[in-house]
Chemist: 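Starting off with a structure, shown below.
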Amino acid sequence: MKFIDEAKIRVEAGNGGNGCCSFLRLKFMPHGGPDGGDGGEGGSIFLLADEGINTLVDYRFARIHRAQHGEKGGTRNCSGKAGQDLMLRVPVGTMVYDDDTNELIADLTENGQTACVAKGGQGGVGNTRFKSSINRSPRKTVPGAPGEIRNLKLELKVLADVGLVGMPNAGKSTLIHAVSAARPKVADYPFTTLYPNLGVVRVSRHRSFVMADIPGLIEGAAEGAGLGIRFLKHVSRTLLLLHLVDILPPDGSDPVENFKAITQELCKFSPMLLEKERWLVLNKIDLLLPEEAEAVCQDIVKRLKWQGKVFKISGLSHEGTVELTQAAMHYLADRSSRRQDEAGE
């Protein structure tokens with residue numbers, strides 16, 4: 001299925017039903033008085049986060065969504081039937097904006113979480129409500145209120161614990177293929193990955209985390225170059241970034257310059273991304289002899305003046321991938337434990 005991470009829709013809540021103007025007329029009660037009922041409330045529109053949905057593709061084709069109108073009030077003080085609410089299912093991680101004001105309406109980050117995005121109109125009032133000692137035959141009614149109408153922008157940010165970033169063809173798809181059940185497209189040309197892929201990495205029977213393969217970035221991605229501009233936002237929700245570097249790029253480029261280019265694009269998009277925990281992952285060490293690969297890796301780390309964690313792996317031969325996933329699981333577990341301790345204080 002094609003990954004769709006943005007969509008614009010129009011939601012129209014139901015109008016409230018009008019109040020009824022009626023008078024009771026029976027055989028032995030010719031002047032029975034007013035008996036017009038109230039109108040029913042219009043249906044509202046809700047968004048529901050559903051973990052069984054992965055994309056917003058359905059909303060690319062169905063752009064207008066309307067809830068049911070409330071029914072008009074009836075005679076004998078019968079109220080009109082309320083309009084049925086409309087529930088729209090969206091992926092977990094969907095952010096909802098008002099497209100006219102760019103206001104954030106809701107951020108649906110948990111399965112089952114709901115948000116009302118358009119309130120149904122209030123039902124009208126029948127003439128019975130206006131009966132009084134000085135007005136025994138009121139003919140006044142109140143019409144139902146119109147429902148809210150909104151233009152919404154839906155934006156999906158994938159929810160993953162670990163995000164993979166790097167130049168195109170750095171081996172991100174190969175790595176997620178090696179450590180999870182995800183089967184992204186893998187080929188020997190740039191921009192093989194056209195949309196994010198999620199994979200569950202199972203470190204042990206009851207320990208796992210979600211890894212996201214973000215499409216390759218290039219220099220200028222934050223300004224719209226390449227494919228990365230549409231997917232940089234997905235990195236913002238991850239807890240740990242793995243920066244993959246090809247130690248022997250097929251185009252002859254410098255791995256250190258490639259690393260710096262991606263770092264610059266992350267900073268341009270959001271300086272907060274550089275505050276996230278980020279590990280250097282030197283990939284494709286199987287392309288060189290062990291001694292040569294070690295020398296190249298040490299040279300890259302030295303030139304970068306990198307002080308963080310470094311992992312040397314081969315996604316193709318799975319060398320070093322177990323150590324990498326175990327370290328990531330340990331970091332995520334420690335982070336979760338620290339947050340629970342802080343919440344308990």
Side-chain angles (χ1 to χ4, degrees), residues 7-50 53 56 58-59 61-90 92 94-154:
K8 292 185 178 182
I9 62 174
R10 180 181 176 88
V11 291
E12 300 178 2
N15 299 329
N18 295 330
C20 176
C21 182
S22 173
F23 294 90
L24 180 63
R25 293 292 182 265
L26 297 177
K27 183 176 182 181
F28 300 105
M29 296 179 64
H31 304 290
D35 70 342
D38 299 337
E41 291 187 353
S44 299
I45 299 180
F46 295 85
L47 296 185
L48 170 66
D50 187 347
I53 301 176
L56 295 169
D58 292 340
Y59 300 103
F61 305 102
R63 294 183 179 270
I64 300 178
H65 303 270
R66 298 185 177 96
Q68 194 176 30
H69 298 309
E71 292 184 356
K72 179 182 177 180
T75 60
R76 300 195 179 185
N77 295 318
C78 291
S79 297
K81 184 179 179 181
Q84 187 174 0
D85 294 335
L86 179 63
M87 189 71 72
L88 303 177
R89 298 178 181 272
V90 295
V92 176
T94 300
M95 301 183 74
V96 188
Y97 294 91
D98 188 310
D99 195 36
D100 298 321
T101 64
N102 210 31
E103 173 193 1
L104 177 63
I105 299 174
D107 188 2
L108 305 176
T109 58
E110 298 180 4
N111 184 47
Q113 186 177 353
T114 61
C116 180
V117 293
K119 179 69 176 175
Q122 187 174 0
V125 177
N127 65 333
T128 304
R129 299 280 189 175
F130 297 98
K131 179 181 178 181
S132 67
S133 60
I134 60 174
N135 186 9
R136 299 191 177 186
S137 300
R139 296 181 179 277
K140 181 180 179 181
T141 61
V142 176
E148 282 187 311
I149 298 177
R150 270 179 162 173
N151 295 311
L152 303 179
K153 180 174 69 173
L154 307 181

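Everything quoted here is computed from the prediction, not taken from an experiment.
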Chemist: How close do D100 and D98 get, counting heavy atoms only, and between which atoms?
Modeler: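 That would be N-OD1, 2.9 Å.
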Chemist: Short question: side chain of R63, backbone of K8 - any donor-acceptor pair under 3.5 Å?
Modeler: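 Pair found, side chain donor or acceptor close to backbone of K8.
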Chemist: Can L154 and I9 be said to form a side-chain contact (heavy atoms from CB on, under 4.5 Å), step by step?
Modeler: CA-CA 8 Å; L154 307 181; I9 62 174; 4.0 Å; yes
Chemist: For a quick check under 3.5 Å, do S22 and D35 share a side-chain donor-acceptor pair by atom type?
Modeler: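 Side-chain D/A pair, S22 to D35: present.
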Chemist: Which distance, rounded to the nearest 0.5 Å, do you find between the CE of M95 and the CG of L108?
Modeler: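 One gets 9.5 Å once the value is rounded to the nearest 0.5 Å.
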Chemist: Of all the heavy-atom pairs spanning C20 and T75, show the shortest one and how long it is.
Modeler: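 Scanning both residues completely, I find the closest heavy atoms to be SG-N, 4.3 Å.
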Chemist: Would the distance check show the side chain of E41 and the main-chain N or O of A82 forming a donor-acceptor pair, the cut-off being under 3.5 Å?
Modeler: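 Between the backbone of A82 and the side chain of E41 there is no qualifying donor-acceptor contact (under 3.5 Å).
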Chemist: Does the side chain of D50 come within less than 4.5 Å of N111's, by heavy atoms?
Modeler: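 Yes, their side chains come closer than 4.5 Å.
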Chemist: Provide the closest heavy-atom pair for G126 versus D38 in the form atom of the first, atom of the second, distance.
Modeler: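 Nearest heavy atoms, G126 then D38: N-OD1, 2.9 Å.
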Chemist: Do R150 and I45 have side chains that approach each other closer than 4.5 Å (heavy atoms only, starting at C-beta)?
Modeler: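 Of all side-chain heavy-atom pairs linking I45 with R150, none is under 4.5 Å.
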Chemist: Rounded at 0.5 Å granularity, tell me how far SG in C116 sits from CE in M87.
Modeler: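 Going from the SG atom of C116 to the CE atom of M87 covers 9.5 Å.
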Chemist: To the nearest 0.5 Å, tell me how far I149 CD1 sits from N15 CG.
Modeler: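 So the CD1 of I149 and the CG of N15 are separated by 7.5 Å.
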Chemist: Any chance you could measure F46, atom CZ, to K119, atom NZ, to the nearest 0.5 Å?
Modeler: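 The distance works out to 6.5 Å.
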Chemist: Which heavy atom of R25 sits nearest to which heavy atom of G33, and what is that distance?
Modeler: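 Here R25 and G33 meet closest at NH1-N, 4.2 Å.
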Chemist: Nearest heavy-atom pair of H65 and Y59: which atoms, and what distance?
Modeler: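 Here H65 and Y59 meet closest at NE2-CD2, 3.6 Å.
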Chemist: Take a 6.0 Å sphere around CZ of R76 and say whether it holds more than 12 heavy atoms from other residues, nucleotides or ligands.
Modeler: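 It does not: R76 CZ has 12 such atoms or fewer within range.
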Chemist: The test is side-chain contact (heavy atoms from CB on, under 4.5 Å); show your working for T94 and L47 and say whether it passes.
Modeler: CA-CA 10 Å; T94 300; L47 296 185; 5.6 Å; no
Chemist: For K140, is there any backbone N or O sitting under 3.5 Å from a side-chain donor or acceptor partner on N127?
Modeler: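 It does not hold such a pair.
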Chemist: To check you understand the geometry: which heavy-atom pair defines the closest contact between A118 and A13, and what is its length?
Modeler: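 Nearest pair, atom of A118 first, then A13: O-CB, 3.8 Å.
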Chemist: Got a second to check how far T128's OG1 is from F23's CZ, nearest 0.5 Å?
Modeler: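 If we round to the nearest 0.5 Å, T128:OG1 and F23:CZ are 8.5 Å apart.
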Chemist: Decide if atom CD of Q122 counts as having more than 12 heavy atoms of other residues, nucleotides or ligands within a radius under 6.0 Å.
Modeler: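 Counting neighbours around CD of Q122, 12 or fewer heavy atoms of other residues, nucleotides or ligands fall under 6.0 Å, so no.
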Chemist: Just by distance, do the side chain of S44 and the backbone of D85 share a donor-acceptor pair under 3.5 Å?
Modeler: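 Side chain of S44 to backbone of D85: no pair is present.
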Chemist: Please round to the nearest 0.5 Å and tell me the distance separating atom CG of L48 and atom CG of L88.
Modeler: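 Atom-to-atom, L48:CG and L88:CG are 9.5 Å apart.
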Chemist: Would you check, one step at a time, whether the test salt bridge (Lys or Arg N to Asp or Glu O under 4.0 Å) holds for R66 with E12?
Modeler: CA-CA 5 Å; R66 298 185 177 96; E12 300 178 2; 2.8 Å; yes
Chemist: May I ask you to decide if G37's main-chain N or O and N77's side chain share a donor-acceptor pair within less than 3.5 Å?
Modeler: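 No, the answer is negative, given that no donor and acceptor are paired below the 3.5 Å cut-off.
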Chemist: Around atom CD of Q113, are there more than 12 heavy atoms from other residues, nucleotides or ligands closer than 6.0 Å?
Modeler: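 Yes, because the 6.0 Å sphere around CD of Q113 holds more than 12 heavy atoms from other groups.
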